[in-house]
Amino acid sequence: MLKIILLLKWKSLKSQLQYPANFLIAVAGISVIGVTDILLILIPTSAFETIGGWGFWELGFMFSLWKMSHGIHQALFSSFWGHDNLVRNGEYDRFLVRPAHPIWQILTSGFSIGAITEWLPSVTMFIITSSQVAIEWNVFNILFLLIILFSGAVIEWAVSLFISGFSFWFVQTQHLRGTAHTFLFRAMHYPSHIFGRAIPFILTFVFPYAFMSYYPTHYFFAIDSRIYSDFFPYATPLVAIIALAIGFAFWSIGLRNYQSTGT
Amino acid sequence: MIKALNLSKEFKVRQPGQGVLGKLKSLASPEYKIIKAVDDVSFEIQSGEIIGYLGPNGAGKSTTIKLLTGVLEPTSGSVKVAERIPTRDRTRNAYEIGVVYGQRSQLWWDLPLIDSFQILSAMYKLSELRYEENLERLVSLLQMEEFIDQPVRKLSLGQRMRGEIAAALLHEPPILYLDEPTIGVDVVSKNRILEFIQKLNQEKEVTVILTTHNLADVEKVCPRILIIDQGRIILDASQEQILERFGKKRLLEVEFEDQPFDLTLPVGEIVKQEENKLWIQFDRDQTSAFDLVGQFPRGRGIRDVSITEDNIESVIAQIYEHGLDG
Amino acid sequence: MVLMARTGLALITASLQEKLVYRFDLIMGLLRALIQIFVFHQLWAVLFTGVDDYAGFTLEQTQTYVVISMSIMPLLDRSFLPQVNERIRSGNIVFDLARPVYYGNLLLYQGLGQFAATLLTTSLPLLVFSFVFFSIAMPDSVFTWITFLASFCMAYYTAFLMDLIASLWGFWIASVWGLFYAKWNLLQILGGMYIPLWFFPSPFKEIVLLLPFRGVAFTPLSILVGGVAPEELPMALGLQIFWIIMLLWFSKFMYARVVKKLAVQGG
């Protein structure tokens, strides 16, 4: 199945490159966003030194972890963003008459330009910031980093899959997705512990995005977690598995409802 | 091959309120209406048949197809396709069937047509050899050589539909469902598609279920016809049987030398009169055209006579309009 | 005039009804905006801990700025412009261009309908909520209110012209999606929607202050929270006017090119 996904991504990339000007403008446009993102960290820290005890480099490192994970998500899992339309346009009528599982078919249904645009800014950010913070790199660290990055992408996807489940009942779920995205795109620049009680709770237990970068950063800096458990800096892979199981289960219930009611 | 027994599918539809007040009210206490899209339907389709599945809009055609393909679960009753229950054995069933929806595409919109075939070949786990063979055969039969390297979004509707059919048949399914495959397709492509379906059926013994609004298509390729109306099968018969039972009306058109006259006929009915022409409808069981002409008063010069027979298209149009008794 | 008013009213009610159809979506949208307000409100509270002011700006001013910004910025987010791109791709744009009204104005009227609907369903509820739950300080001088409103009208028009120009690019670029996305993000950062420009480090700040983006958010908002001294006011407003003239000229120039291109190619 992985073969099909890679085949499709490769072919899509090839077809996008048929219009190189268009493609390059889109890549440049989204890379610009990569720059504005870092400004959300740079400007407050240039005025106030630290946010919640962390300086620019620490925050930049944390954000680059998130952004690389997000890049993996965009490359592999982002076709679920348009799940509303898949249901509304009756695409499931075609997914369900093919031998592959619908989830595989959705993963192979499209190609987002974000698959490439996140990589340049995030990896650059990671290389620069990780040289400015005190981290001793060893084989174990690097292995853990790779696991964290992939697990983070799975966490983002798990939430997306969970939200997708709602579109089997409701026509429009964009703003529900948008609510999750507000946490994803606006709260990940800053350490969760500055936000009082409600937001860290949501980022840990509802949309567990804090496990993409906030908690793992504690591991790399070898510091204790300020909120909840000291185990959380190691918990990302486990959270990814649990979140995916929940997301998948809910989506499956939605699909069963679709098959019996044909919404 | 395909067995449907007392098959029913009900939908709960929320009744939208009227106006702002009604809308608010329906938000608080929604009212539901149960619609029986498919209502106690039974039929059996043998291997190698081509079935025309007909009915007016909203009669339950698409719902039946979705039940047969395993997309929807029946509310009650059962479906068996090649001895399997499609919803329970979805993956295995998928290898047995090919589905074409005329209204939507199963191809990858931005990629060249050939890429869609490659991806599907991987999805159905075809061997390299089998894929090459099948593709070559389909490309030449459906004459897709000149556009197979084009992105799907650039294809004409007729070209795309040929691509859709090839995509549905790449894994050589013994059953093919076609849902409105010729809608909006130009005449040349349409004939090519219909000829292809017949050939496929004759050579590979593929069972075909064709739903369409185009009755001429059905007349051409479907020996057996099922008509559904308001969720119920109202007719299941061969073309000959249908003509035999309903196609009894004939229309006699007579052109006289001069102005017509008052005429009373024991059988038949004058349906139209215009200058020196007369149209008489009659039942072929009751009388013949020859007898009718014989009843005209002598001395009236007849310039021309012609007879129109019912065909399957007009018969079915009548059934749609008046039901079985009309 | 009467006709125009009636058309306007019809457009407003149409947009309003459209919003009310998807109530679930509307409520989730409000929730989303509230989260955003809360995140940035909290961010500044944390940053100002133990600090009285930054370059003369207080926590209360900054929080008022971001809360008002996030309540009224949805007014500038026009969802119809991607549709313009869709009409270009489908070729239906020729019908729009053939109408007796300048296409830009047609879009502006549509946009105003959306503006009114968003104001009633999104911005006003957000403002009411913010007044109740957050500490924000409103100006008491009538002059400040008047200059704010004037500046905000210009902000609206500036944002509109930017969108118009971006969508006109659609005649040359097959997909302007990336352009829109980049533009909206530039507005959010360089326009000062999230972070007031007074926190920007020099000389970055001085450059950003000359760009058109500040006219969309920073100028009206900083006037409202008393961040613009009376002697700086002519400069701030003058720059807004200057950029409107430039953008207007550029959009008309592009429009003429589009019409010419369509005439040559026949769509």
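Here the structure is a predicted model, which is why all the values come from computation and not from measurement. Convention: sequence-line order gives letters A, B, ...; per-chain numbering from 1.
Distance check: Leu176(A) CG to Ile27(C) CD1 gives 12.5 Å after rounding to the nearest 0.5 Å. Note: Met28(C) CE to Thr182(A) OG1 = 9.5 Å, rounded to the nearest 0.5 Å.
By the neighbour-count criterion of 12 heavy atoms within 6.0 Å, atom CD of Glu49(A) is sparsely surrounded, having that number or fewer from other residues, nucleotides or ligands. Counting heavy atoms of neighbouring residues, nucleotides and ligands inside a 6.0 Å radius, atom CZ of Arg88(A) exceeds 12 of them.
The salt bridge (Lys or Arg N to Asp or Glu O under 4.0 Å) check on Glu118(A) picks up Lys67(A), with sequence neighbours excluded.
Interface remark: Tyr54(C) contributes side-chain atoms only to the contact with chain A (heavy atom separation under 4.5 Å). The parts of Leu40(A) that come within reach of chain C are both its backbone and its side chain, each placing non-hydrogen atoms under 4.5 angstrom from that chain. Of the two parts of Phe200(C), the backbone and the side chain both hold a non-hydrogen atom closer than 4.5 Å to a non-hydrogen atom of chain A. Using a 4.5 Å cut-off between heavy atoms, Ile199(A) touches chain C through its side chain atoms alone. Neither the backbone nor the side chain of Thr45(A) has a heavy atom closer than 4.5 Å to any heavy atom of chain C. Contact of Tyr190(A) with chain C is made through the side chain alone, with heavy-atom distances under 4.5 Å.
Contacts between residues 30-49 of chain C and chain A, counted as heavy-atom pairs separated by less than 4.5 Å, involve Leu31(C), Arg32(C), Ile35(C), Gln36(C), Phe38(C), Val39(C), Phe40(C), Gln42(C), Leu43(C), Trp44(C), Val46(C), Leu47(C), Phe48(C).
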